[in-house]
Colleague: 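My questions all concern the structure below.
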Amino acid sequence: MKFSATPKEQLEIVSTGAADVVSHDELLKKLEKSYETNTPLTIKLGADPSAPDIHLGHTVVLQKMRQFQSLGHQVVFLIGDFTGRIGDPTGKKKTRPALSEEEIRLNAETYKAQVGKILDLDKAKIVFNSEWLEKMTFADVLKLSAQYTVARMLERDDFEKRFKSQTPISVVEFMYPLMQGYDSVALHADVELGGQDQTFNLLVGRELQRAYGQAPQVTITMPILEGLDGKEKMSKSLGNYVGINDEPSQMYGKILSIPDELMIKYYELLTDLSVSELKAIKEEIPNRPKEVKMRLARQITAQYHGSEAANNAEAEFEKIFGKTGDGLPENIEEVELSAPAEGVTLQKLLTVTELASSGGEARRLLQQGGIKVNQIKETNGQKTYNSGDELIVQAGKRNFKKIILK
RNA sequence: GGAGAGAUGCCCGAGUGGCUAAAGGGGGCAGACUGUAAAUCUGUUGGCUUGCGCCUACGGUGGUUCGAAUCCACCUCUCUCCA
């Protein structure tokens, strides 16, 4: 193993864009030692197997991981299967169901396929924490628990909030940071990466490593990426996410809909532009916001689907929404239905094709002018269609269906 | 173990016997405006229904009543204080 970049150069590369590094000094020392002894550092990143679909928010940390990888370090991708198998009792309604081994296997495979778009999996190590957590005895667990106090646990932001607002916190939840920290012990991690919201957990890892006689890991946290709404953290449950498996046209459109203020952050965290390129973009934004945003959408789409697909996505977007286009997407999902002799009402068609989730929803859309049939606004839900009719129905801005009645 | 408080629609939260499918806010959806952005404004937001209307819903199960989210009993869960 030969490192092409000096420790100082490495330090600069990996700390760029990070929200926090604990600490720079320790990191530099580790990098120096690894450089001198020609030993790659072990870089840990944990993943939760309950949500196998990766979105752009997850990629922020993965990009950082890739930097370490291309600098020649050993990245370890840890899948928290043990944790997933236990489930999370927090919140009576949101109880995370315990996953079966089969589900976890499947999720892990899905994960790998997606992570592989960013990391070089041939050079990465993939581990499951059940490997060591499962074998721990109760005595081991007690020893582990003894390393941390309740008061310190309550320092964690969300615990503190919940404690103050008198919402339940189960004891198991206190175990999560400990388990995660113990993973670092088991892996002898030199560096752990995570989102900024993971800061506490990563720091627990340092404490535990010390307690178990190891040199504490350096923690690098990345800023949290806001989702499409520009307010909340990008997450699947909030629906404000861009999945890396999203269709190119979808991905392109979604990115274009982010608030302007977010553009630069997206450039910083989701693309691989240099500091000087970023600076140029920053200056361009006030003058040509639309162009800059389009370029962003194209660039990110290209990262996951190739530049050809990105260009097509842009062309299609223009076709639908641009001034020159005809307002229709390239490919519209076709639905064939057989119509009864007396015909079908438009309202019925909307619910059957799931353009509207219920009859009430369909009525509302019609009433509010959210429905177009063959590009003409239609407010009469009672209008009937018969077999032989072909119609393109649009619900809202971007839901299209081509309905063929037989 | 003892004493007290509480559980309402996607979320928060009002509502203490009929006018409550349930105030208000958030979120969502749609429209206007735009650059499919943000901000703003408007409308809408349980299900079935063109409509009349019907059904389901206020932690669970029973009960009181012509009538209950609202009263009673028991149960489940959560929080607070004391031990």
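A quick note: this is a predicted structure, and the numbers were derived from the prediction, not measured. Letters go in sequence order (proteins before strands), and every chain restarts at 1.
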Colleague: Please report whether the ring centroid of A:Tyr182 lies less than 6.0 Å from that of A:Tyr212.
Modeller: yes
Colleague: Can you identify which nucleotide, out of B:rC48, B:rU50, B:rG35, has its nearest atom closest to the A:Pro289 side chain?
Modeller: B:rG35
Colleague: Just compare B:rG35, B:rU44, B:rU49 and give me whichever is closest to any side-chain atom of A:Lys348.
Modeller: B:rU49
Colleague: Please write out the pairs of protein N or O atoms and N or O atoms of nucleotides 23-27 of chain B separated by less than 3.5 Å, giving the distance to one decimal.
Modeller:
none

Colleague: Side chains of A:Asn107 and A:Thr110 only: does a donor on one sit below 3.5 Å from an acceptor on the other?
Modeller: no
Colleague: Does a side-chain N-to-carboxylate-O contact under 4.0 Å join A:Lys402 and A:Glu336?
Modeller: no
Colleague: Taking only N/O atoms, report every protein-nucleotides 80-83 of chain B pair under 3.5 Å with atom names and distance.
Modeller:
none

Colleague: With a 4.0 Å cut-off on N to O distance, would you call A:Lys401 and A:Glu334 a salt bridge?
Modeller: no
Colleague: With sequence neighbours left out, which residue pairs that include part of residues 186-206 of chain A fulfil the side-chain hydrogen bond (donor to acceptor under 3.5 Å, both in side chains) condition?
Modeller: A:Glu26-A:Arg206, A:Lys44-A:Glu192, A:Arg156-A:Asn201, A:Gln180-A:Gln198, A:Gln180-A:Asn201, A:Ser184-A:Glu192, A:His188-A:Gln214, A:Glu192-A:Gln217, A:Asp197-A:Lys233, A:Gln198-A:Asn201
Colleague: Return the nucleotide paired to B:rU44: Watson-Crick means purine N1 to pyrimidine N3 with N6-O4 or O6-N4, wobble means G-U with N1-O2 and O6-N3, both under 3.5 Å.
Modeller: B:rG28
Colleague: May I ask you to check whether A:Glu314 and A:Tyr252 show a side-chain donor-acceptor distance below 3.5 Å?
Modeller: yes
Colleague: Which listed nucleotide (B:rC79, B:rC29, B:rU50) is nearest to the side chain of A:Pro168?
Modeller: B:rC79
Colleague: Look at the aromatic rings of A:His55 and A:Tyr241 and report parallel, tilted or perpendicular, splitting at 30° and 60°.
Modeller: tilted
Colleague: Any base atoms under 4.0 Å from A:Gln367, or only sugar-phosphate, or nothing? Heavy atoms, all strands.
Modeller: nothing
